[in-house]
Amino acid sequence: PTVRNKLHKRSKPANEAIRMREMRKEDLPQVLAIERESFPLPFSENLFHMELGLNIAHMLVAVEADTVYGYVDFWHVDNEMHIINIAVEPKRRGQGIGALLMDSVMGYAQEHAVDHIYLDVRESNYRAIALYRRYGFEQVDIRKGYYQDNQEDALVMVRAFINDKR
């Protein structure tokens, strides 16, 4: 799968040498390391390989030279998107990389006339929730006991573009 559009560039990370590009198979060792450091139940390498092969999946990385500092995986189906996973290398959090990833997602959504973007987030992940709210996401539901490691609830959030000027 490819993202053949210009990547939206609004936010500037602390290091302006960081840029967005499509994820490649050779990025997986670094992406998996970030995944393992970021989530109690990390996605497997096989799952990432499967995502790379899905037509509906779009995977982007935030890189400086050959170093991956963050990634996002989202699905685009019809007029909707779903953010499957987004993470930033723990030592680089708070430096604008998450915003750069979100800017790319939002730019893609606008360029492809998407009506809604959905995501699930742990109710205890206040930092991520704050980021999503800055991008216009609102909580629309709760998935009780969604996370298997501790039965934590997931907040279902959505960002609507229906009334946005395109």
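These values consider heavy atoms only, across backbone and side chains, with no hydrogens, waters or symmetry-generated copies.
Rounding to the nearest 0.5 Å places OH of Y71 at 10.5 Å from CG of L28. Annotation: the span from E138 atom CD to M157 atom CE amounts to 8.0 Å, rounded to 0.5 Å. Atom CE of M59 is separated from atom NZ of K25 by 11.5 Å, given to the nearest 0.5 angstrom. Atom CD in Q95 sits 12.0 Å away from atom CG in L100 (nearest 0.5 Å). Residue H82 holds its NE2 atom at 8.0 Å from CH2 of W75, rounded to the nearest 0.5 Å.
The main-chain N or O of V88 is found under 3.5 Å from a side-chain atom of R93 such that the two form a donor-acceptor pair. R159 places a side-chain N or O within donor-acceptor distance of the main-chain N or O of Y135, the cut-off being under 3.5 Å. A distance-only check finds no donor-acceptor pair linking the side chain of H49 to the backbone of E51 [under 3.5 Å]. Between the Q30 side chain and the D66 main chain, a donor and an acceptor come within less than 3.5 Å of each other. With E152 contributing its side chain and S124 its backbone, the two residues share a donor-acceptor pair below 3.5 Å. Side-chain N or O atoms of D153 include one that pairs as donor or acceptor with a backbone N or O of G145 at under 3.5 Å.
L131 and V140 sit in two unconnected hydrophobic clusters of ILVMFWY residues. Membership requires side-chain heavy atoms under 4.5 Å apart, directly or through other members. A continuous path of hydrophobic side-chain contacts links I56 to F43 [ILVMFWY only; heavy atoms under 4.5 Å]. The hydrophobic cluster containing Y118 does not contain F137, counting ILVMFWY residues as joined when their side-chain heavy atoms lie under 4.5 angstrom apart, directly or transitively. A chain of hydrophobic side-chain contacts below 4.5 Å, direct or via other Ile, Leu, Val, Met, Phe, Trp or Tyr residues, connects I97 to I129.
Of the listed residues (V63, V72, V31), just one forms a side-chain contact (heavy atoms from CB on, under 4.5 Å) with M23, and that residue is V31. Applying side-chain contact (heavy atoms from CB on, under 4.5 Å) to I84 and the options D73, D120, L54 leaves one that passes, D73.
A113 and N79 make their closest contact through O-CB, 4.4 Å (heavy atoms, listed as atom of the first residue, atom of the second, distance). When every heavy atom of G98 is checked against every heavy atom of I86, the shortest pair comes out as O-CD1, 4.4 Å. The heavy-atom pair separating I83 from F74 by the smallest distance is CA-CB, 4.0 Å. In terms of heavy-atom proximity, S104 sits nearest to L60 at CB-CD1, 3.8 Å. Closest of all the heavy-atom pairs between A87 and L101 is O-CD1, 3.8 Å. When all heavy atoms of I117 and A109 are compared, the pair lying nearest together is CD1-CB, 3.7 Å.
Two residues are said to be in side-chain contact when any heavy atoms from C-beta on lie closer than 4.5 Å; R122 and Y146 fail this criterion. A heavy-atom distance below 4.5 Å is found between the side chains of Y132 and M102. Counting heavy atoms from C-beta on, the side chains of F161 and Q110 come closer than 4.5 Å. In this structure, the side chains of I18 and R92 come closer than 4.5 Å at one or more pairs of heavy atoms. Side-chain atoms of E123 and I142, non-hydrogen and from C-beta on, never get closer than 4.5 Å to each other. A 4.5 Å side-chain heavy-atom check between N85 and F39 finds at least one atom pair inside the cut-off. Using a 4.5 Å heavy-atom threshold, the side chains of R24 and L52 count as separate.
Other residues, nucleotides and ligands contribute over 12 non-hydrogen atoms within 6.0 Å of the CG atom of N150. Within a 6.0 Å radius of CD in E26, more than 12 heavy atoms belonging to other residues, nucleotides or ligands are found.
Ring geometry, H76 versus H58: the interplanar angle falls from 30° to 60°, so the pair is classed tilted.
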What verdict does the side chain to side chain contact (heavy atoms under 4.5 Å, CB included) test give for V61 and R21, after you've listed the backbone C-alpha separation in whole Å, the side-chain angles of each residue and the deciding distance to 0.1 Å? CA-CA 6 Å; V61 290; R21 67 165 168 76; 3.6 Å; yes
